[in-house]
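Remarks on the structure that follows.
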Amino acid sequence: MKRTLIQTNDGSHSLRMEEMNETYHSIHGALQEAKHVFLKEGFHQTEGDVSILEVGFGTGLNAFLTMLEAHKTGRITHYVGIEKFPIEEDIIRTINYGELLGEPEWFDELHVLNWNMEVPISDYFFLIKLQKDIADTDFTERFDIIYFDAFAPEKQPEMWSKDIFSKMLNALKPGGILVTYCAKGQVKRDLKEVGFEVETVAGPPGKREMIRGRK
Ligand SMILES: C[S@@+](CC[C@H](N)C(=O)[O-])C[C@H]1O[C@@H](n2cnc3c(N)ncnc32)[C@H](O)[C@@H]1O
């Protein structure tokens, strides 16, 4: 699995999966995409203490931004990040999110933590990184928000199946939301079919729309 470090248009790094010819983030800007899709349209649509499931932990960018925001707002945040293919440590060390956001030690800390156990990173942020395939994961816990950050449907269609969407619906509390950068019509129809209320909202720079589903 060859991953190459790339720079996106806002100066933040991302990775390209060579075999798939797919990037981890928008080439218009990884940081601005993550802030818009997952923070503005996800985290900030809820109030108070919150539990979050991320599908595709990857570089940890979404977890890192959420941790910083949890601190800023004083919201206790429980975060579960699922990842089937964790990124090698030598690649993680080259990624510039810690420096860009002025918290290099915290970014490193997210990555040196053990997998598969809950770790209190601070008084506000509790993280479990689960090394698992989402298809084989059953949730007993229910979440307020799901950050659905899989590779694009054309590249990894099995992640955007109705089976996975039903699993996501079951993993949400009533009123909970799922946010994704994707805005495809088929994805909206399939989310609706399994029972989500689907909203199309403005996307990050370079992308007209994105999807928010509500249970
Ligand atoms: C578009 S990338 C986004 C990663 C991450 N959110 C980030 O900001 O770096 C998709 C991620 O989903 C992971 N993934 C792919 N298939 C998966 C599966 N079946 N279960 C869990 N994670 C998976 C990939 O390894 C990759 O890290």
Side-chain angles (χ1 to χ4, degrees), residues 1-8 10 12-43 52-69 79-89 91-98 100-101 106-108 110-111 115-116 127-139 143 145-168 171 178-184 187 203-204 206-207 210-211:
M1 190 172 289
K2 185 163 166 27
R3 301 178 176 99
T4 311
L5 189 79
I6 59 166
Q7 180 148 332
T8 66
D10 66 0
S12 58
H13 285 155
S14 185
L15 300 175
R16 183 189 299 110
M17 292 283 282
E18 297 299 345
E19 295 90 0
M20 250 187 203
N21 189 25
E22 171 76 339
T23 56
Y24 274 55
H25 306 98
S26 159
I27 50 142
H28 298 288
L31 193 54
Q32 71 184 11
E33 176 187 48
K35 281 183 173 170
H36 179 94
V37 175
F38 301 107
L39 277 293
K40 177 171 183 280
E41 299 299 346
F43 185 81
I52 300 175
L53 169 67
E54 176 174 26
V55 178
F57 180 80
T59 63
L61 174 58
N62 299 329
F64 184 44
L65 286 169
T66 303
M67 173 169 87
L68 297 177
E69 218 47 33
Y79 197 104
V80 178
I82 298 209
E83 176 55 61
K84 188 174 179 190
F85 308 108
I87 298 169
E88 300 77 2
E89 238 184 274
I91 296 185
I92 289 291
R93 267 191 248 110
T94 61
I95 293 179
N96 65 359
Y97 304 146
L100 279 181
L101 294 164
W106 267 14
F107 184 64
D108 292 346
L110 287 183
H111 288 286
W115 286 80
N116 306 318
L127 175 66
I128 312 179
K129 298 187 293 183
L130 281 183
Q131 184 172 1
K132 278 193 103 164
D133 186 328
I134 188 69
D136 303 332
T137 309
D138 291 313
F139 300 98
F143 298 90
I145 311 174
I146 296 176
Y147 293 172
F148 197 79
D149 201 10
F151 289 123
E154 312 79 74
K155 306 289 173 155
Q156 221 193 354
E158 71 278 12
M159 292 292 280
W160 304 82
S161 67
K162 283 185 252 174
D163 277 356
I164 297 283
F165 292 160
S166 290
K167 194 188 276 269
M168 297 296 98
L178 174 148
V179 276
T180 178
Y181 64 88
C182 180
K184 275 196 168 311
V187 170
K207 193 140 194 305
M210 57 166 277
I211 297 171

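Computed from a predicted structure; not experimentally measured. Whatever order the structure lists them in is the order used to number ligands and atoms, beginning at 1.
Distance CZ/Arg93 to CD/Glu89: 5.0 Å, rounded to 0.5 Å. The structure places NZ of Lys155 at 8.0 Å from CE of Met20, a figure rounded to the nearest 0.5 Å. The line from OG of Ser14 to CG of Leu61 is 8.5 Å long, rounded to the nearest 0.5 Å. The distance from atom CG of Leu110 to atom CH2 of Trp106, rounded to the nearest 0.5 Å, is 9.5 Å.
Considering only non-hydrogen protein atoms, atom 3 (C) of ligand 1 sits nearest to Asp149 O, 3.3 Å. Nearest non-hydrogen protein atom to atom 20 (N) of ligand 1 is Ile134 N, 3.0 Å. Closest to atom 19 (N) of ligand 1, if we only count protein heavy atoms, is Asp133 OD1, 2.9 Å. Nearest protein neighbour of atom 22 (N) of ligand 1, counting heavy atoms only, is Lys84 N, 3.3 Å. Of all protein heavy atoms, the one closest to atom 9 (O) of ligand 1 is Thr59 OG1, 2.6 Å. The closest protein non-hydrogen atom to atom 15 (C) of ligand 1 is Gln156 NE2, 3.3 Å.
Between the side chain of Lys132 and the backbone N or O of Lys84 there is no donor-acceptor pair closer than 3.5 Å.
Between Phe107 and Phe64, the gap from one ring centroid to the other is short of 6.0 Å.
Look at Glu33 and Lys35 and you find no salt bridge, because none of the NZ, NE, NH1 or NH2 atoms lies under 4.0 Å from a carboxylate O.
Of the N or O atoms in Ala135, none lie within a sub-3.5 Å distance of an N or O in ligand 1. In terms of polar-atom proximity, Gly56 is counted as a contact of ligand 1, with an N or O under 3.5 Å from an N or O of the ligand. Here's the thing with Glu83: one of its N/O atoms is less than 3.5 angstrom from an N/O atom of ligand 1. Residue contacts with ligand 1: Thr23 is placed with no nitrogen or oxygen under 3.5 Å of a nitrogen or oxygen of the ligand (distance criterion only).
The only member of Phe57, Tyr97, Phe151, Phe85 that meets ring pair (Phe, Tyr, Trp, His ring centres under 6.0 Å) when paired with Tyr24 is Phe151.
Contact annotation for Ala30 and ligand 1: no heavy atom of the residue comes within less than 4.0 Å of the ligand. The part of Phe57 lying near ligand 1 is the backbone, judged by heavy-atom distances below 4.0 Å. If you look at His25 next to ligand 1, the close heavy atoms, those under 4.0 Å, all belong to the side chain.
Residue contacts with ligand 1: Glu22 is excluded, as none of its non-hydrogen atoms falls under 4.0 Å. Note on ligand 1: Glu158 sits outside its first shell, no heavy atom being nearer than 4.0 Å.
A search for side-chain contact (heavy atoms from CB on, under 4.5 Å) contacts involving Pro86 returns Glu83, Trp115, Gln131, not counting sequence neighbours. By the ring pair (Phe, Tyr, Trp, His ring centres under 6.0 Å) test, Phe38 pairs with Tyr147, sequence neighbours left out.
For the residue pair Ser161/Asp163, the side-chain donor-acceptor check at 3.5 Å is not satisfied.
If you check each of Phe38, Tyr181, Phe151 against atom 2 (S) of ligand 1, the one with the closest non-hydrogen atom is Phe151.
Remark: ligand 1 atoms within the under-4.0 Å shell around heavy atoms of Lys132 are 20 (N), 21 (C).
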